Amino acid sequence: MNDNSSYHIPVLLQQSVEGLAIKPNGTYVDVTFGGGGHSREILKHLGNEGRLFAFDQDVDAAANAIADDRFTLIQQNFKYLRQYLRFYGVTQVDGVLGDFGVSSHQFDVAERGFSTRFEGTLDMRMNQNATVSAKEIVNEYDEEDLSRLFFSYGELKNAKAIARAIINYRAQKPIQLGSELQEAVKSFLPKFKENKVLAQIYQAIRIEVNGEMEALESFLLQLPDVVKPGGRISLISYHSLEDRAVKRFIRDGQLEGTPEKDWFGNVSVPFKKVGGLITTTDSEIAMNNRARSAKLRIAERINS
């Protein structure tokens, strides 16, 4: 077992695992294994008959696999949750934990291209076997598509102007490195807010590279089938797009349109929220600055 805590510092560790209300002999899923911090904490609460499945599409995460007969690591995107659980003979589980976004490891390895702090090739692939990287997107997308992703995924009001700047820059030479992307958009980085806006630009490209919102939405819509009545979901989001999707799914049981209602006009939803929104404390942020935007929502599967 490689207990490498520096790979990824688990955020809201105790709160998210406690939110699962773990049954010792239950079956649980950690859909974002990473460094294994949340998984190890779940295993502490499981008895001999308990089972834990973990998902992670990043090949680097395999080095953190846990040597425990109760544990199975599935090296796939969590959008295939239901499919791979069935492969292992599991149709329903007692709880699912998700800690979305980018791991500390992915941010800290310069050549992965996730961080604005390091020089490196524009990559941003969570699955290193994927064919499309950030480099293809910034060099091959047309102005309309670039504008769409900066507006939708970066929530940037000047998305069209940023897209045009990238088009103009790459007309002179291809954008291969993070520093070249930053040079292309430098006129849109206001003083004292450079890092914030640049992070929004990187976030938008990263979400597009990895199909993150499509994966999250597909995952959420599988949960009513996968989680047993009385089972829990414990989901940590880091940006407003993720959190809005999670919040709406728990509230409405779907991601768009109006929620279903019964004959009496009552909204029919598969989950009920447990407690309120949980955020990180000042002390946790002091130890792990990346935890500052984390939001944890917990819900329980309603008997149907």
Side-chain angles (χ1 to χ4, degrees), residues 1-13 16-17 28-43 52-68 70-81 83-85 87-88 96-137 176-178 181 199 202-203 205-216 219 235-239 242 287-291 293-294:
M1 179 176 70
N2 178 15
D3 189 7
N4 184 3
S5 60
S6 65
Y7 183 101
H8 180 66
I9 303 169
V11 175
L12 293 166
L13 178 62
S16 59
V17 174
Y28 294 85
V29 186
D30 175 358
V31 296
T32 48
F33 178 67
H38 288 103
S39 283
R40 289 186 177 87
E41 188 64 26
I42 291 170
L43 286 168
L52 174 62
F53 293 89
F55 283 72
D56 205 303
Q57 63 183 329
D58 190 330
V59 296
D60 289 352
N64 303 314
I66 303 168
D68 189 310
R70 301 168 298 171
F71 175 80
T72 302
L73 177 61
I74 300 169
Q75 292 184 265
Q76 292 289 340
N77 190 307
F78 56 67
K79 68 182 178 182
Y80 301 117
L81 174 67
Q83 175 183 336
Y84 276 91
L85 287 178
F87 175 81
Y88 285 96
V96 176
L97 184 145
D99 178 14
F100 308 118
V102 184
S103 74
S104 300
H105 170 77
Q106 289 167 333
F107 269 127
D108 289 340
V109 177
E111 56 265 30
R112 299 294 297 273
F114 285 100
S115 177
T116 62
R117 296 182 295 122
F118 306 121
E119 178 63 296
T121 302
L122 285 172
D123 191 327
M124 303 191 196
R125 291 173 299 166
M126 291 180 175
N127 177 357
Q128 295 97 315
N129 296 318
T131 56
V132 176
S133 72
K135 185 168 61 175
E136 280 74 48
I137 285 172
Q176 307 280 354
L177 304 173
L181 174 60
Y202 268 58
Q203 172 183 292
I205 297 170
R206 189 200 80 221
I207 290 173
E208 182 76 6
V209 167
N210 297 290
E212 290 177 42
M213 291 309 298
E214 293 89 345
L216 175 62
F219 159 74
L235 307 176
I236 304 170
S237 305
Y238 291 86
H239 57 75
E242 289 173 341
M287 291 187 293
N288 178 14
N289 188 52
R290 290 177 183 142
S293 57

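Just so you know, these numbers use all the heavy atoms, side chains as well, and skip hydrogens, waters and symmetry mates. Each residue takes its place number in the sequence, starting with 1. Everything quoted here is computed from the prediction, not taken from an experiment.
Take Y80 and apply the ring-ring contact (aromatic ring centres under 6.0 Å, His included) test, not counting sequence neighbours, and it matches no residue. Legend: residues meeting salt bridge (Lys or Arg N to Asp or Glu O under 4.0 Å) with E41, ordered by chain and number and at least two apart, are K44. For S133, the side chain to side chain donor-acceptor pair (under 3.5 Å) partners at least two apart in sequence or on another chain are E136.
In this structure, the side chain of Q57 does not engage the main chain of M126 through any donor-acceptor pair within 3.5 Å. Remark: side-chain polar atoms of N210 are paired, donor with acceptor, to backbone N or O of M124 under 3.5 angstrom. R70 contributes no side-chain N or O that, together with a main-chain N or O of L52, makes up a donor-acceptor pair within less than 3.5 Å. Between the side chain of R206 and the backbone N or O of R125, no donor-acceptor pair lies under 3.5 Å.
The two residues R40 and G35 come nearest to each other via the heavy atoms NH1-O, 2.8 Å. When all heavy atoms of S39 and A54 are compared, the closest pair comes out as OG-CB, 4.0 Å. Across every non-hydrogen atom of L13 and P10, the tightest pair is CD1-CB, 4.0 Å. Here the closest non-hydrogen pair linking V11 and D99 is N-OD2, 4.3 Å. Across all their heavy atoms, N77 and A215 have their closest contact at OD1-CB, 3.7 Å.
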Intermediate values then yes/no, salt bridge (charged side-chain N to carboxylate O under 4.0 Å, His left out), K79 and E214: CA-CA 8 Å; K79 68 182 178 182; E214 293 89 345; over 6 Å; no
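Residues F33 and F71 place their aromatic rings such that the two centres sit under 6.0 Å apart. The six-membered or imidazole ring of Y238 lies away from that of F100, with a centre-to-centre distance of 6.0 Å or more.
Side-chain contact check for D56 and Q75: no donor-acceptor pair (N or O, by modelled atom type) lies under 3.5 Å.
With rounding to the nearest 0.5 Å, the separation of CZ in F53 from OG1 in T72 is 4.5 Å. With rounding to the nearest 0.5 angstrom, the CG atom of L43 is 9.5 Å from the CG atom of D30. L97 contributes atom CG, which lies 10.0 Å from atom CG of L12 (distance to the nearest 0.5 angstrom). Here the NZ atom belonging to K135 is positioned 8.5 Å from the CG atom belonging to L122, to the nearest 0.5 angstrom. Taking CZ of F55 as the start and OG1 of T32 as the end, the distance is 11.5 Å to the nearest 0.5 Å. Taking CD1 from I74 and CG from L81, the interatomic distance works out to 8.0 Å, rounded to the nearest 0.5 Å.
Of the options L216, I236, L235, a side chain to side chain contact (heavy atoms under 4.5 Å, CB included) to E242 is made by L216 and by none of the others.
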